[in-house]
Amino acid sequence: MLPVLVIAAAAAALGSFSWGLRRHFRAEGGMPSGMRALTFASSAAALLFLVLVFRYGTGLRGGMVSIAASLGATALFWWAVQTTRHSPPHLAHTGDTPQMLHDAGPYAYVRHPFYLSYCIFWLGTAVAAGGLQWLAAAVMIVWYFATARAEEARFSQSPMAASYAGYQSRTGMILPRLTQVWRR
């Protein structure tokens, strides 16, 4: 029964992320090749997770952590969607110059809440499935960090460079700064 709940919670997260890819993020000119590669890598990591959970199951603690991570990642994702619904961000890997600086909602705590939600999800899959899933999760998390860094470099070259530098100085990149959390 636990593996079914783990997979159901993961499906809710992955379904949300897939919806965002198709319906929320902006991508003039279609999906860039980097995003296609990221989607392929995510699909492969998700398939590996399913195979490992179906074949080997999951321990009680690992399963519970995975369910909590999937649900938490989904909640954070939808909070970020709600915050950006009137001005959605560009799809990853577009290379577009940023047009908007979000600093409300989850953006008040981290500069990249969507990437944080994906990282939480992948960590949860690794805890549940173990083994090779740790490698898959590490690849995905490193990819999100590299993508965030590239996006931040574009901000520093945009007309919003000064505003973004101030935002960077007070807000964590993917993890909140503890001083932020205590102040709020």
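What you see is a predicted model; the values in this text were computed from it and never measured. Just so you know, these numbers use all the heavy atoms, side chains as well, and skip hydrogens, waters and symmetry mates.
Using a 4.5 Å heavy-atom cutoff, the side chains of L5 and I67 are in contact. No side-chain heavy atom of L116 sits under 4.5 Å from any side-chain heavy atom of R111. Side-chain atoms of S87 and Q99, non-hydrogen and from C-beta on, never get closer than 4.5 Å to each other. Under the 4.5 Å side-chain criterion, counting only non-hydrogen atoms from C-beta, T58 is not in contact with S66. Side-chain contact between R36 and H93 is absent, with no heavy-atom pair separated by less than 4.5 Å. Side-chain contact between F145 and H112: absent, with no pair of heavy atoms (C-beta onward) separated by less than 4.5 Å. Using a 4.5 Å cut-off on side-chain heavy atoms (C-beta onward), T94 and M31 make no contact. Within the 4.5 Å cutoff, the side chain of M35 has heavy atoms near those of the L38 side chain.
At least one donor-acceptor pair closer than 3.5 Å links the side chain of R85 to the backbone N or O of Q82. Side-chain atoms of S18 never come within 3.5 Å of backbone atoms of G15 as a donor-acceptor pair (strictly under, hydrogens ignored). Put simply, the side chain of H90 never gets that close to the backbone of E28: no donor and acceptor are under 3.5 Å apart. With T171 contributing its side chain and Q168 its backbone, the two residues share no donor-acceptor pair below 3.5 Å. When atom types are taken as modelled, the side chain of R154 and the backbone of P98 share no donor-acceptor pair closer than 3.5 angstrom.
Within 6.0 Å of CE on M64 lie no more than 12 heavy atoms contributed by other residues, nucleotides or ligands. Within 6.0 Å of atom CZ in R149, 12 or fewer heavy atoms from other residues, nucleotides or ligands are found, so the atom counts as exposed in its surroundings.
Scanning both residues, G63 and L2, for their nearest heavy atoms gives CA-CD2, 4.0 Å. Smallest separation of non-hydrogen atoms from A13 and S70: CB-O, 3.9 Å. Taking all atoms of both residues into account, the shortest heavy-atom contact from M100 to F155 is O-CZ, 3.6 Å. In plain terms, the two heavy atoms of M140 and A45 that are nearest each other are CG-CB, 4.2 Å. Residue G105 comes nearest to W79 through the heavy atom pair C-CZ2, 3.5 Å, listed as atom of the first residue, atom of the second, then distance. For Y107 against D103, the heavy-atom pair with the smallest separation is CB-CA, 3.7 Å.
For the atom pair SG (C119) and CH2 (W143), the distance works out to 13.5 Å, reported to the nearest 0.5 Å.
The ring of W78 has its center closer than 6.0 angstrom to the ring center of W19. Centroid-to-centroid, the aromatic rings of F121 and Y118 stay 6.0 Å apart or farther.
At a threshold of 4.5 Å between side-chain heavy atoms, the hydrophobic network of Ile, Leu, Val, Met, Phe, Trp and Tyr places Y167 and Y115 in one connected group. No path of Ile, Leu, Val, Met, Phe, Trp and Tyr side chains, each step under 4.5 Å between heavy atoms, connects V6 with W134, placing them in separate hydrophobic clusters. Cluster annotation: I120 is not connected to L48 through the hydrophobic network of ILVMFWY side chains, with a link wherever side-chain heavy atoms come within less than 4.5 Å. Hydrophobic clustering keeps L52 apart from V65 (ILVMFWY residues linked when any side-chain heavy atoms are closer than 4.5 Å, directly or through intermediates). Tracing side-chain contacts under 4.5 Å through hydrophobic residues (I, L, V, M, F, W, Y), one reaches V110 starting from Y164; they form part of the same cluster.
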* To do: Apply side chain to side chain contact (heavy atoms under 4.5 Å, CB included) to Q133 and W122, showing your working.
  => CA-CA 9 Å; Q133 192 64 30; W122 290 115; 3.8 Å; yes
* To do: Could you check F114 against L76 for side chain to side chain contact (heavy atoms under 4.5 Å, CB included), going step by step and ending with a plain yes or no?
  => CA-CA 7 Å; F114 286 109; L76 177 57; over 6 Å; no
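When each of T84, L91, V81 is checked for a side-chain contact (heavy atoms from CB on, under 4.5 Å) with F25, only L91 meets the rule.
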